Amino acid sequence: QVQLVESGGDLVQPGGSLRLSCAVSGGIFSVSAMGWYRQAPGRQRELVATISTLDRTTYVDSVKGRFTISRDNAKNTVYLQKNSLKPEDTAVYYCHTMYRDYWGQGTQVTVSS
């Protein structure tokens with residue numbers, strides 16, 4: 001059974017940093033590109049960053065230069081390092097496997113002073 005478990009969400013001040021983690025069990029991590037999405041209240045879910053099995057990355061324009069997606073295949077974990085956080089980064093963040101379309105439960109990130 002495939003499970004995705006996110007962690008690392010928190011309340012942080014503007015300009016601060018957080019690292020989100022998503023641990024994937026069930027044997028598909030090494031063959032799956034991974035993505036991080038976010039959904040703010042009243043808004044549609046938005047793709048934030050992706051990483052392929054060959055470590056090629058993409059980012060939405062609003063986070064370029066501030067967020068970094070990475071993966072550790074030995075730990076079956078994908079990360080999202082978030083720096084220079086802004087209030088508009090406030091959202092529930094979800095990880096997603098592009099292979100067979102699995103989702104995590106989400107982790108809340110709130111950026112506020």
Side-chain angles (χ1 to χ4, degrees):
Q1 182 179 359
V2 176
Q3 285 190 315
L4 284 68
V5 179
E6 297 106 332
S7 60
D10 206 345
L11 170 64
V12 62
Q13 291 188 343
S17 298
L18 280 177
R19 188 176 81 157
L20 305 183
S21 300
C22 174
V24 183
S25 59
I28 67 168
F29 185 79
S30 64
V31 299
S32 180
M34 298 295 300
W36 282 98
Y37 287 72
R38 65 185 178 187
Q39 188 166 20
R43 301 189 66 177
Q44 289 189 331
R45 193 169 293 190
E46 171 189 42
L47 177 60
V48 175
T50 66
I51 185 166
S52 75
T53 56
L54 299 177
D55 287 344
R56 294 192 181 107
T57 59
T58 67
Y59 299 91
V60 68
D61 284 347
S62 60
V63 308
K64 284 180 180 177
R66 301 189 298 122
F67 290 10
T68 303
I69 188 171
S70 61
R71 65 190 295 158
D72 185 335
N73 289 336
K75 295 182 178 180
N76 293 329
T77 300
V78 62
Y79 304 97
L80 187 67
Q81 177 67 43
K82 300 144 57 81
N83 299 328
S84 302
L85 282 161
K86 304 175 180 180
E88 51 264 43
D89 295 319
T90 296
V92 178
Y93 284 74
Y94 300 88
C95 68
H96 174 250
T97 66
M98 296 182 183
Y99 178 74
R100 294 190 179 174
D101 194 29
Y102 289 99
W103 292 89
Q105 81 287 351
T107 186
Q108 176 70 49
V109 172
T110 302
V111 184
S112 175
S113 55

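Residue numbers run from 1 in the order of the sequence given. Since the structure is predicted, the reported quantities are computational estimates derived from the model, not experimental observations.
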Which donor-acceptor pairs under 3.5 Å do side chains of residues 29-38 form with protein atoms, sequence neighbours excluded?
from	atom 1	to	atom 2	distance (Å)
Ser32	OG	Met98	N	3.3
Ser32	OG	Tyr99	N	3.1
Trp36	NE1	Tyr79	O	3.4
Arg38	NE	Glu46	OE1	2.8
Arg38	NH1	Asp89	OD1	3.0
Arg38	NH1	Tyr93	OH	3.0
Arg38	NH2	Glu46	OE1	3.4
Arg38	NH2	Ser62	OG	3.3

Check step by step if side chain to side chain contact (heavy atoms under 4.5 Å, CB included) holds for Thr97 and Leu4. CA-CA 9 Å; Thr97 66; Leu4 284 68; 3.8 Å; yes
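- Annotation: side chain of Pro14 is in contact with side chain of Pro87 (closest heavy-atom distance under 4.5 Å).
- Tyr94 is linked by a ring pair (Phe, Tyr, Trp, His ring centres under 6.0 Å) to nothing, counting only residues two or more places apart in sequence or in another chain.
- For the atom pair Thr68 OG1 and Asn83 CG, the distance stands at 6.5 Å (nearest 0.5 Å).
- Between the CD atom in Gln105 and the OG1 atom in Thr107 there is a gap of 7.0 Å [rounded to 0.5 Å].
- In the hydrophobic clustering of this structure, Ile69 groups with Ile28; members are Ile, Leu, Val, Met, Phe, Trp, Tyr whose side-chain heavy atoms approach within less than 4.5 Å, directly or through other members.
- Leu85 and Tyr59 fall within the same hydrophobic cluster, where Ile, Leu, Val, Met, Phe, Trp and Tyr residues are linked whenever their side-chain heavy atoms come under 4.5 Å apart, directly or through other members.
- Expressed to the nearest 0.5 Å, how far OG of Ser113 lies from CD of Gln13 amounts to 7.0 Å.
- Listed by chain and residue number, Arg66 satisfy the side-chain contact (heavy atoms from CB on, under 4.5 Å) test with Ser84 (two or more places apart in sequence, or in another chain).
- In this structure, Lys82 and Val109 have side chains that are in contact, with non-hydrogen atoms separated by less than 4.5 Å.
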Is there a side chain to side chain contact (heavy atoms under 4.5 Å, CB included) between Asp55 and Arg71 once you walk through the steps? CA-CA 8 Å; Asp55 287 344; Arg71 65 190 295 158; 3.3 Å; yes
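- The distance from atom OG1 of Thr50 to atom NE2 of His96, rounded to the nearest 0.5 Å, is 11.5 Å.
- Val78 approaches Cys95 most closely through the heavy-atom pair CG1-CB, 4.5 Å.
- There is a path of hydrophobic side-chain contacts, each under 4.5 Å, that joins Val60 to Ile51.
- Within 6.0 Å of CD on Gln44 lie no more than 12 heavy atoms contributed by other residues, nucleotides or ligands.
- Residue Gly8 comes nearest to Leu18 through the heavy atom pair O-CD2, 3.7 Å, listed as atom of the first residue, atom of the second, then distance.
- Counting only heavy atoms from C-beta outward, the side chains of Leu20 and Glu6 never approach each other to under 4.5 Å.
- Taking hydrophobic clusters as Ile, Leu, Val, Met, Phe, Trp and Tyr residues chained together by side-chain heavy-atom distances below 4.5 Å, Val48 does not share a cluster with Trp103.
- You'll find the side chain of Phe67 stays beyond 4.5 Å of the side chain of Thr57, heavy atoms only.
- Put simply, NZ on Lys64 and OG1 on Thr58 are 8.5 Å apart, with the number rounded to the nearest 0.5 Å.
- Between the side chain of Asp10 and the backbone N or O of Val12 there is no donor-acceptor pair closer than 3.5 Å.
- Residues Ser17 and Gln81 form a side-chain contact, since some pair of their non-hydrogen atoms from C-beta on lies under 4.5 Å apart.
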Side chain to side chain contact (heavy atoms under 4.5 Å, CB included), that's the test. Do Ser112 and Leu11 meet it? Break it down for me. CA-CA 7 Å; Ser112 175; Leu11 170 64; 4.2 Å; yes
